[in-house]
Amino acid sequence: MNPYAIFVDHVRGAVAALVRDGELARMPDLSRIAVEPPREASHGDLATNAALVLAKETGIKPRVLAEKIAAKLARVAHVTKTEVAGPGFINIAVEPAFWREVLEAALAEGEDFGRTDLGKGEKVNVEYVSTNPTGPLHVGHGRGAVFGDALANLLVHAGYAVTREYYVNDAGAQVDALARSVFLRYCEALGERVGAIPEGLYPGDYLVPVGKELTDRHGRALVDKPEAEWLPIVRAAAIDAMMAAIRADLAALAIRHEVFFSERSLSAGPADQVAATIEVLRKAGHVYEGRLPPPKGQVPEDWEDREQTLFRSTAFGDDVDRPLKKSDGSYTYFAADIAYHRSKIERGFRNMIDVWGADHGGYIKRVQAAVAALSGGKASLDVKIIQLVRLFRGGEPVKMSKRAGEFVTLREVVDEVGPDPVRFMMLFRKNDAVLDFDLAKVIEQSRENPVFYVQYAHARGCSVFRNAAEAFPGRALDAKALDAARLDRLSDHGEIALMKQIGVWPRLVEGAALTHEPHRVAFYLHELAGEFHSQWNRGKDMPHLRFIIGDDPEITLARLALVRGVVGVLASGLKILGVRAVEEMR
RNA sequence: GACCCCGUAGCUCAGCGGAUAGAGCAGCAGCCUUCUAAGCUGUUGGUCGGAGGUUCGAUUCCUCCCGGGGUCGCCA
């Protein structure tokens with residue numbers, strides 16, 4: 001049950017009634033009508049912009065139209081008052097019974113409360129992490145990983161059929177460099193003198209065991225072979241080892257992908273899908289041989305003007321056409337990426353979401369152009385850019401030296417503070433804003449730490465149930481008992497406010513899913529937790545507002561129902577974020 | 001030079017084209033010093049970077065400018 005959606009229907013019904021009455025000449029477009037919680041509580045319980053968005057089409061002044069709609073709405077069940085305000089808003093007041101029905105629905109629906117059929121079972125592909133398998137994930141990758149995972153959860157909750165996918169960048173120069181780095185470690189493990197790892201290779205210690213493992217499997221067999229022979233062998237082993245490590249890092253955050261798609265597989269084997277894709281585009285007239293002007297400003301030193309194979313991305317909104325082949329004849333990363341997205345389209349995905357790091361922002365238009373070209377405009381690609389994470393400890397920046405391959409890995413952070421603070425904090429900021437992550441603050445048990453604050457609200461709710469069981473030994477406090485609770489005993493304004501906040505949840509899920517913004521869930525939970533703590537605290541000054549009233553089992557049961565509603569939504573939201581809903585904080 | 005992101009209270013940040021722009025922290029003023037577990041309540045504070053434009057209405061959309069960050073064929 002979504003109370004706001006119900007009222008959108010009521011408003012539409014009111015407009016339809018005006019058409020029947022002859023007050024409106026014909027049915028206007030109702031799609032822009034919204035019902036939302038008003039900014040100020042004094043404005044009532046719900047507000048609609050209907051008269052404002054319909055004024056133009058109907059040719060009736062907003063306030064006049066608002067009066068007409070308001071008059072119809074006044075007759076809707078539970079509505080106690082309607083009033084026209086400001087430029088033409090209609091404020092609607094409902095009796096508390098309406099919010100009690102919302103709470104009842106929330107309890108009855110349980111885990112399904114807040115689910116919507118927005119997605120109508122449509123397939124969505126969410127691609128995230130997708131790093132080169134050349135080393136452990138660092139904290140920035142972690143943010144993208146958590147974001148993608150939470151977004152996928154959110155879309156599932158909103159009724160989409162979601163596939164979580166990782167594009168393994170196992171082709172190209174970087175994995176060759178990885179292979180050479182591992183080869184040195186292999187030689188080292190055999191007692192050869194290796195010296196310092198050369199510039200351009202990966203010096204990190206994490207490759208030492210990979211080299212050693214190769215000696216177990218191949219002995220000295222690879223040492224004297226030419227590079228062309230050992231490289232594929234070492235590379236495959238190295239990639240396997242790195243992917244295993246990356247999966248383990250992700251598993252520590254409870255992140256699992258359904259599909260790992262290998263970039264190398266696109267051009268390996270008998271059918272070169274990259275070539276095939278270029279041919280498809282060429283036949284459609286989107287690929288040509290031509291020249292590009294050098295980039296203005298910073299011209300690369302080795303720039304040479306040459307004729308090359310170009311994708312006409314400018315025809316689809318990009319700034320310049322993009323090369324598909326490097327000077328050595330091999331495909332660009334972009335060419336492979338086009339083939340990859342073609343694969344997604346051919347696998348039936350009309351909706352694609354890619355989660356990329358901030359440094360890939362300039363790449364968005366060309367891939368969207370490719371998707372438009374490949375699908376004839378029928379498939380859509382949304383790219384979410386994940387900004388940097390800055391690490392702090394007690395307000396002081398954590399120094400990271402990139403030289404010597406030393407950086408703070410995701411695993412180090414997860415091991416230090418635990419997965420929950422990492423996941424929650426990564427989502428407690430818009431994806432396109434830089435995030436400050438303080439290793440000390442996120443494990444503080446205080447109000448200032450949002451992770452604790454929200455988890456604590458859940459734990460506190462559970463604690464109320466434990467205390468109630470003690471206060472009323474032998475009395476049933478289960479779902480069935482709560483179902484029979486006299487919710488009409490809930491009349492305190494703080495209680496009503498909590499019920500309203502619970503009622504916002506389904507609407508919030510929809511909004512967050514539509515905009516691909518899981519951070520909204522985190523902020524909402526923080527707010528809900530705040531209101532719950534606040535009501536809890538009011539019981540300090542006003543004992544009659546406590547959840548457990550020793551000599552009044554009836555009101556206690558009603559309040560327990562409310563607490564159950566809050567706990568349920570908190571649990572549901574935390575599940576989307578991938579944060580554990582703990583039952584106690586010890 | 002071009003493109004993308006960001007610019008909102010002292011600080012950190014929310015804010016689907018709508019009403020008098022919000023929250024937390026800090027500040028200020030009280031309360032509590034015990035209970036239902038890690039305090040509570042109230043409050044000060046803003047020309048939403050600047051200038052135009054579209055609109056009945058702009059923090060939100062468009063253009064230009066300023067400031068910060070990112071990117072700009074043969075890295076992925």
Side-chain angles (χ1 to χ4, degrees), chain A residues 32 34 36 38-40 43 47 49 52-53 55-56 61-63 85-89 91 130-132 134 167 169 171-175 177 263 292 294-300 302-304 306 308 310 318-334 336-337 356-365 383 385 387-388 428-436 438 444-448 450 452-453 456 459-460 463-464 466-468 471 507-508 510-512 514-515 517 519-520 522-524 526-527 530 533-534 536-541 543 546-548 584-586:
Chain A
R32 288 177 60 214
E36 55 193 16
R39 196 186 290 281
E40 274 188 55
H43 289 151
N49 63 354
L52 292 161
V53 298
K56 189 169 235 173
K61 285 198 163 76
R63 287 197 62 109
F89 282 98
N91 291 324
S130 299
T131 56
N132 315 322
T134 54
Y167 183 45
N169 298 150
Q174 301 207 6
V175 285
E263 178 186 355
L292 278 183
K296 302 258 166 125
Q298 217 175 357
V299 180
D302 55 349
W303 173 268
E304 54 163 324
R306 67 179 173 91
Q308 52 187 341
L310 297 167
D318 199 2
D319 309 305
V320 287
D321 292 338
R322 305 292 177 175
L324 299 173
K325 284 186 179 176
K326 301 177 192 173
S327 52
D328 66 358
S330 65
Y331 299 119
T332 56
Y333 180 80
F334 177 50
D337 214 4
W356 297 346
D359 53 340
H360 290 59
Y363 196 74
I364 298 175
K365 284 186 188 175
V383 179
I385 288 299
Q387 263 297 351
L388 301 177
F428 201 57
R429 185 66 77 239
K430 275 184 300 194
N431 58 285
D432 49 14
V434 175
L435 168 69
D436 290 346
D438 194 307
E444 246 171 47
Q445 299 208 335
S446 76
R447 186 190 163 85
E448 284 85 75
F452 171 76
Y453 194 64
Y456 179 39
R460 183 174 255 178
S463 144
V464 170
R466 289 192 294 271
N467 290 332
R507 183 172 182 275
L508 188 113
E510 274 196 17
L514 274 173
T515 52
E517 292 183 343
H519 77 271
R520 293 191 192 197
F523 280 99
Y524 167 81
H526 193 244
E527 212 174 302
H533 287 309
S534 165
W536 193 93
N537 285 322
R538 291 179 71 216
K540 279 188 169 178
D541 289 340
R546 295 180 178 191
F547 296 124
I548 299 167
E584 37 186 345
M585 295 302 292
R586 295 184 195 289

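If you're wondering where the values come from, they're calculated on a predicted model, not measured in any experiment.
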Spacing of the P atoms in B:rC28 and B:rU71 (rounded, Å):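 Comparing P positions in B:rU71 and B:rC28 gives a spacing of 43 Å.
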Residues which pass ring-ring contact (aromatic ring centres under 6.0 Å, His included) with A:His43, listed by chain and number, not counting sequence neighbours: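 Testing A:His43 for ring-ring contact (aromatic ring centres under 6.0 Å, His included), a comparison that skips the adjacent residues, returns none.
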Closest listed nucleotide, where the reference is the side chain of A:Phe523 and the choices are B:rA38, B:rU36, B:rC13: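 Side chain of A:Phe523 sits closest to B:rC13.
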Touch class at under 4.0 angstrom, heavy-atom based, for A:Val320 against every strand present: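 No contact at all - A:Val320 keeps every heavy atom at 4.0 Å or more from the nucleic acid.
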Under 4.0 angstrom between A:His519 side-chain N/O and B:rG15 OP1 or OP2: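 Looking at the OP1 and OP2 atoms of B:rG15, one of them is under 4.0 Å from a side-chain N or O of A:His519.
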From B:rC3, B:rG70, B:rU36, nucleotide with atom closest to A:Lys365 side chain: B:rC3
Nearest-Å distance for atom pair CG/C1', residues A:Asp319 and B:rU71: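 To the nearest whole Å, that distance equals 11 Å.
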Rounded distance (nearest 0.5 Å) linking atom CG of A:Asn467 with atom CD1 of A:Ile548: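 Between atom CG of A:Asn467 and atom CD1 of A:Ile548 there are 5.0 Å.
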Touch class at under 4.0 angstrom, heavy-atom based, for A:Asn91 against every strand present: base
Distance between C1' atoms of B:rA76 and B:rG67 (Å, rounded):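 That atom pair is separated by 31 Å.
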Closest listed nucleotide, where the reference is the side chain of A:His360 and the choices are B:rU55, B:rG39, B:rA76: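 Of the options given, the side chain of A:His360 lies nearest B:rA76.
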Sugar-phosphate, base or nothing in reach of A:Ser463, heavy atoms under 4.0 Å: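 Since a base atom lies under 4.0 Å of A:Ser463, the category is base.
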Sugar-phosphate, base or nothing in reach of A:Arg322, heavy atoms under 4.0 Å: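 Contact class for A:Arg322: none.
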Side chains of A:Lys325 and A:Thr332 in contact at under 4.5 Å (non-hydrogen atoms): no
Touch class at under 4.0 angstrom, heavy-atom based, for A:Lys430 against every strand present: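 Sugar-phosphate, backbone atoms only, no base.
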5′-ward residue of the pair A:Thr515/A:Arg460 relative to RNA chain B: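 In this pair, the answer is A:Thr515.
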A:Asp432 side chain, from C-beta outward: closest of B:rA14, B:rC3, B:rC5: B:rC5
Main-chain N/O of A:Gly511 paired to A:Thr515 side chain as donor or acceptor, under 3.5 Å: yes
Sugar-phosphate, base or nothing in reach of A:Ala85, heavy atoms under 4.0 Å: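 Counting heavy atoms under 4.0 Å across all strands, the contact made by A:Ala85 includes a base.
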Proximal nucleotide (of B:rA14, B:rG70, B:rA38) relative to the A:Phe452 side chain: B:rA38
Touch class at under 4.0 angstrom, heavy-atom based, for A:Ala55 against every strand present: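 Answer is nothing: A:Ala55 stays at 4.0 Å or more from every strand.
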Separation of B:rU12 P from A:Tyr453 OH (nearest whole Å): 22 Å
Quiz item: A:His526 side-chain donor-acceptor pair to B:rA23 base, under 3.5 Å: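 Donor-acceptor pair under 3.5 Å: no.
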Nearest-Å distance for atom pair CG/P, residues A:Asp541 and B:rU34: 14 Å
Sugar-phosphate, base or nothing in reach of A:Leu52, heavy atoms under 4.0 Å: base
Touch class at under 4.0 angstrom, heavy-atom based, for A:Arg429 against every strand present: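 A:Arg429: backbone/sugar contact only, no base atoms under 4.0 Å.
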Sugar-phosphate only, base, or nothing, as touched by A:Asn132 at under 4.0 Å among non-hydrogen atoms: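 Result for A:Asn132 = sugar-phosphate.
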Side chain of A:Arg466 - closest among B:rC5, B:rG73, B:rA37: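 Nearest to the side chain of A:Arg466 among the choices is B:rA37.
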Stem segments of RNA chain B by first residue number [Watson-Crick or G-U, under 3.5 Å, at least 3]: B:1-7 with B:66-72, B:10-13 with B:22-25, B:27-31 with B:39-43, B:49-53 with B:61-65
Ring geometry between A:Phe523 and A:Phe428 (parallel below 30°, tilted from 30 to 60°, perpendicular above 60°): parallel
Touch class at under 4.0 angstrom, heavy-atom based, for A:Tyr363 against every strand present: base
Side chain to side chain, A:Glu584 and A:Ser463, heavy atoms closer than 4.5 Å: no
Separation of B:rG73 C1' from A:Phe334 CZ (nearest whole Å):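 That distance rounds to 12 Å.
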Inter-residue atom distance A:Arg546.CZ - A:Trp536.CH2, 0.5 Å rounding: 8.0 Å
Rounded distance in Å between the C1' positions of B:rU60 and B:rG24: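 My reading of the C1' atoms in B:rU60 and B:rG24 gives 23 Å.
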Proximity to the side chain of A:Tyr333 - top-ranked nucleotide from B:rA37, B:rA76, B:rC40: B:rA76
Minimum-distance nucleotide (side-chain atoms of A:Glu304 versus B:rG73, B:rC40, B:rA38): B:rG73
Atom-to-atom span, CZ of A:Arg306 to C1' of B:rG73 - whole angstrom: 7 Å
Integer-rounded Å distance: B:rC13 C1' and A:Asp438 CG: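 To the nearest whole Å, that distance equals 15 Å.
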Sugar-phosphate only, base, or nothing, as touched by A:Pro87 at under 4.0 Å among non-hydrogen atoms: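 Base contact.
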Any A:Arg447 side-chain nitrogen or oxygen under 4.0 Å from OP1 or OP2 of B:rC40: yes
Nearest-nucleotide comparison on RNA chain B, the residue closer to the 5′ end among A:Ser446 and A:Ala171: A:Ser446
A:Leu324 vs A:Tyr331 side-chain heavy atoms within contact, under 4.5 Å: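 A side-chain contact is absent here, since even the closest heavy-atom pair is not under 4.5 Å.
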Atom-to-atom span, CG of A:Asn431 to C1' of B:rC4 - whole angstrom: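 So the CG-C1' distance, A:Asn431 to B:rC4, works out to 14 Å.
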Span that lies between the C1' atom of B:rG57 and that of B:rA29, in whole angstrom: 39 Å
Sugar-phosphate, base or nothing in reach of A:Gly172, heavy atoms under 4.0 Å: sugar-phosphate
Nucleotide nearest A:Lys326 (side chain, heavy atoms from C-beta), chosen from B:rC3, B:rG73, B:rA76: B:rA76
Flag side-chain contact, heavy atom, 4.5 Å: A:Glu263 against A:Tyr333: yes
Rounded distance in Å between the P positions of B:rC48 and B:rG10: 12 Å
Value rounded to 0.5 Å, distance of CG in A:Asn169 from OG1 in A:Thr134: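 Interatomic distance, A:Asn169 CG to A:Thr134 OG1, rounded to 0.5 Å: 9.5 Å.
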Atom P, compared across B:rC40 and B:rC25: separation rounded to whole Å: 8 Å
A:Lys56, nearest nucleotide to its side chain (from B:rU55, B:rG18, B:rG15): B:rU55
OP1 or OP2 of B:rG57 under 4.0 Å from side-chain N/O of A:Lys61: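 It does not, given that no N or O in the side chain of A:Lys61 lies less than 4.0 Å from OP1 or OP2 of B:rG57.
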Atom C1', compared across B:rG1 and B:rA58: separation rounded to whole Å: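 To the nearest whole Å, 31 Å.
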Contacts of type salt bridge (charged side-chain N to carboxylate O under 4.0 Å, His left out), residue A:Arg520, not counting sequence neighbours: A:Glu517
N/O donor-acceptor pair, side chain A:Gln387 with base B:rG70, under 3.5 angstrom: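 Check fails, no donor-acceptor contact within cut-off.
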Main-chain N/O of A:His533 paired with A:Asn537 side-chain donor or acceptor, under 3.5 Å: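 Yes, because the side chain of A:Asn537 sits within donor-acceptor range (under 3.5 Å) of the backbone of A:His533.
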A:Tyr331 OH - B:rC74 P separation (whole Å): 18 Å
Distance, P atom - from B:rC65 to B:rC5, rounded to whole angstrom: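 These two P atoms come out 16 Å apart once rounded.
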